[in-house]
Visitor: 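Quick one: this structure, given as structure tokens, is what I'll be asking you about.
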Amino acid sequence: IFTFNTLIDALCKAGRMTDAAQTLQLMVEKNVNPNVVTYSTMIDGYGKSGKGPEAMELYRKMREANVRPDRVTYNTLLDIYGKAGMLAEALNICQEMERAGWKTDVVTYNALIDAYGKQGNFRQAGKLFEDMKAVGLKPNVLTYSALIDSYSKAGRHKEAQAAFEDFKRAGLKPDVVLYSALIDAFGKNGMVDEALMVLREMMREGIQPNIVTYNSLIDAYGRVGQVDRALKTLETMKGVGISPNCVTYNTVIDAYGKEGRAEEARQLFKRMQDDGATPDAITFSALIDASGKSGDTPGAVRIFREMQDAGVKPNVVTFSAILSACSRCGTCEDAAILLSEMRNSDGHVY
RNA sequence: CGCGACGUCGACUAAA
């Protein structure tokens, strides 16, 4: 059973849910009964691949098979609902968990704090943080990262910083994620100097910035219009052996666009491909927006075509960007054509 | 009865 569980977990983590489901099937055929770990693993896998309904369906089957969910199962379900923004359902799971005789733990609170934070409800996130301490649970690094991120997303850099001080007073050791979250909190508020100070502190503590840390910094430069420094940071990361990824390029491309430098955005797009980074819908949307904002509607439409040729699926943001590009220059015909394409592409956009 | 073992939580990018 360990073998099967480990295999299923590996398949889930690789996003191969079909194979994972077949493995579960195979288990049953071999008369190995799936246990609570098997089910929890699969449920988590479905959740992580955006298949919430399948996750819940499997949860139902699990109980039909008389396998009792445990703390991990409940926390997994709670996190799936939380990530989907379904907080009422998440809280229901919490109650169900307690009714089944399980105590909520640090993971439960961390997942809830994260969920509220992502909704912009930093007050509730902060309240949960107090609650967990009140019931005698010790916040860990993940708790603080989620809390800091909650404040960051709500534009509350002061509270984010206060949480960080509190963290250090609690005698916990910050890691790269926590530092990056703080850097991002400052960056999102245009406080590049403070972000850089955090970077220096983390390096002084011997913690190496990773790709996300660099991406956050690049984003910070972009937000204050320092595209050239953003690009320089991209080069710096290459210099220390970190290959820029799709997010890195997207961030700089967007920064060029926001500065009205659409041509440089397109050049970077070429470099990105030479570098072996695969453009995604965000890349193209940023490029379309860059052309649109610089008044180049035909250019925006050309990029949209290029996107289709590349086989990248446009989404609502892509269409929104191209429509506003068209509306700026009054080419209603183009807009009408694109609108019909968006119906074809997705059946249910609007 | 105790203990151990596989599964759960945190940071970065696009339009309005």
Side-chain angles (χ1 to χ4, degrees), chain A residues 1-10 12-13 34-45 47-48 69-80 82-83 105-115 117-118 139-150 152-153 160 174-185 187-188 209-220 222-223 230 244-255 257-258 265 279-290 292-293 300 314-325 327:
Chain A
I1 180 121
F2 285 4
T3 318
F4 275 114
N5 286 351
T6 307
L7 175 61
I8 287 176
D9 185 46
C12 287
K13 297 247 156 43
N35 65 8
V36 59
V37 174
T38 322
Y39 281 109
S40 305
T41 306
M42 282 285 296
I43 289 173
D44 182 54
K48 295 252 176 354
D70 67 5
R71 201 197 289 262
V72 174
T73 320
Y74 286 116
N75 282 337
T76 305
L77 290 166
L78 187 148
D79 185 55
I80 293 174
K83 291 249 179 334
D105 62 6
V106 183
V107 176
T108 317
Y109 277 95
N110 288 354
L112 279 174
I113 289 173
D114 180 55
K118 295 249 176 344
N140 59 21
V141 194
L142 275 70
T143 319
Y144 279 94
S145 305
L147 186 65
I148 288 174
D149 189 51
S150 304
S152 169
K153 297 248 176 330
D175 66 3
V176 62
V177 174
L178 189 105
Y179 275 120
S180 303
L182 193 60
I183 287 173
D184 188 55
K188 291 277 184 294
N210 65 14
I211 187 153
V212 176
T213 320
Y214 280 109
N215 289 348
S216 301
L217 262 178
I218 290 174
D219 182 54
R223 275 174 206 279
N245 63 10
C246 185
V247 175
T248 318
Y249 282 105
N250 291 351
T251 309
V252 185
I253 286 172
D254 184 56
K258 295 266 187 311
D280 61 8
I282 298 183
T283 320
F284 286 104
S285 303
L287 284 166
I288 288 169
D289 188 54
K293 288 218 166 61
N315 59 28
V316 191
V317 179
T318 320
F319 283 113
S320 166
I322 190 135
L323 287 179
S324 65
S327 70

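The shown structure was predicted, so the numbers you read here are calculated from the model rather than taken from an experiment. In what follows, chains carry the letters A, B, and so on, assigned in the order in which the sequence lines appear, proteins first and then strands, with residues in each chain numbered from 1.
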Visitor: Do the non-hydrogen side-chain atoms of A:Cys12 and A:Ile8 ever get within less than 4.5 Å of each other?
Guide: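 Of all side-chain heavy-atom pairs linking A:Ile8 with A:Cys12, at least one is under 4.5 Å.
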Visitor: If you define the side chain from C-beta out and look only at heavy atoms, does anything of A:Thr41 sit under 4.5 Å from A:Thr38?
Guide: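 No - every pair of side-chain heavy atoms lies 4.5 Å or more apart.
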Visitor: Between A:Asn75 and A:Asn110, does a side chain to side chain contact (heavy atoms under 4.5 Å, CB included) hold up when you go through it step by step?
Guide: CA-CA 10 Å; A:Asn75 282 337; A:Asn110 288 354; over 6 Å; no
Visitor: Could you check how far CG of A:Leu112 sits from C1' of B:rU8, rounded to whole Å?
Guide: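 Going from A:Leu112 (CG) to B:rU8 (C1'), I get 13 Å.
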Visitor: Just grab all the salt bridge (charged side-chain N to carboxylate O under 4.0 Å, His left out) pairs involving residues 105-114 of chain A, residues at least two apart or on different chains.
Guide: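 Matches after skipping sequence neighbours: A:Arg71-A:Asp105, A:Lys83-A:Asp114, A:Asp114-A:Lys118.
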Visitor: Quick one: list whatever passes salt bridge (charged side-chain N to carboxylate O under 4.0 Å, His left out) with A:Lys188, sequence neighbours left out.
Guide: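 Expected list: A:Asp184, A:Asp219.
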Visitor: Hey, does A:Ile80 have a side-chain heavy atom less than 4.5 Å from the side chain of A:Ile43?
Guide: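 A side-chain contact exists here, since the closest heavy-atom pair is under 4.5 Å.
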Visitor: Listed by chain and number, what are the salt bridge (charged side-chain N to carboxylate O under 4.0 Å, His left out) partners of A:Asp70, not counting sequence neighbours?
Guide: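 Once residues adjacent in sequence are excluded, A:Asp70 has no partner under the salt bridge (charged side-chain N to carboxylate O under 4.0 Å, His left out) criterion.
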Visitor: Starting at the 5' end of nucleotides 10-16 of chain B, put B wherever the base has a protein heavy atom under 4.0 Å, S where only the sugar-phosphate does, and a dash everywhere else.
Guide: BBBBBBS
Visitor: Give me the stems containing RNA chain B, sorted by first residue, counting only three or more consecutive Watson-Crick or G-U pairs with both distances under 3.5 Å; say none if there aren't any.
Guide: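 RNA chain B forms no stems at all.
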Visitor: I need the minimum non-hydrogen distance between A:Asn315 and A:Ser285, along with the two atoms involved.
Guide: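 Looking at all heavy atoms of both residues, the closest pair is OD1-OG, 4.4 Å.
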Visitor: A:Asn215 and side chain to side chain donor-acceptor pair (under 3.5 Å): which single residue from A:Thr248, A:Asn250, A:Asn210 fits?
Guide: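 When side chain to side chain donor-acceptor pair (under 3.5 Å) is applied between A:Asn215 and each of A:Thr248, A:Asn250, A:Asn210, only A:Thr248 qualifies.
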Visitor: Report, as a single string ordered 5' to 3', how protein heavy atoms within less than 4.0 Å touch nucleotides 2-7 of chain B: B base, S sugar-phosphate only, - not at all.
Guide: ---BBB
Visitor: A:Thr251 vs A:Asp254, test: side-chain hydrogen bond (donor to acceptor under 3.5 Å, both in side chains). Steps then yes/no.
Guide: CA-CA 5 Å; A:Thr251 309; A:Asp254 184 56; over 6 Å; no
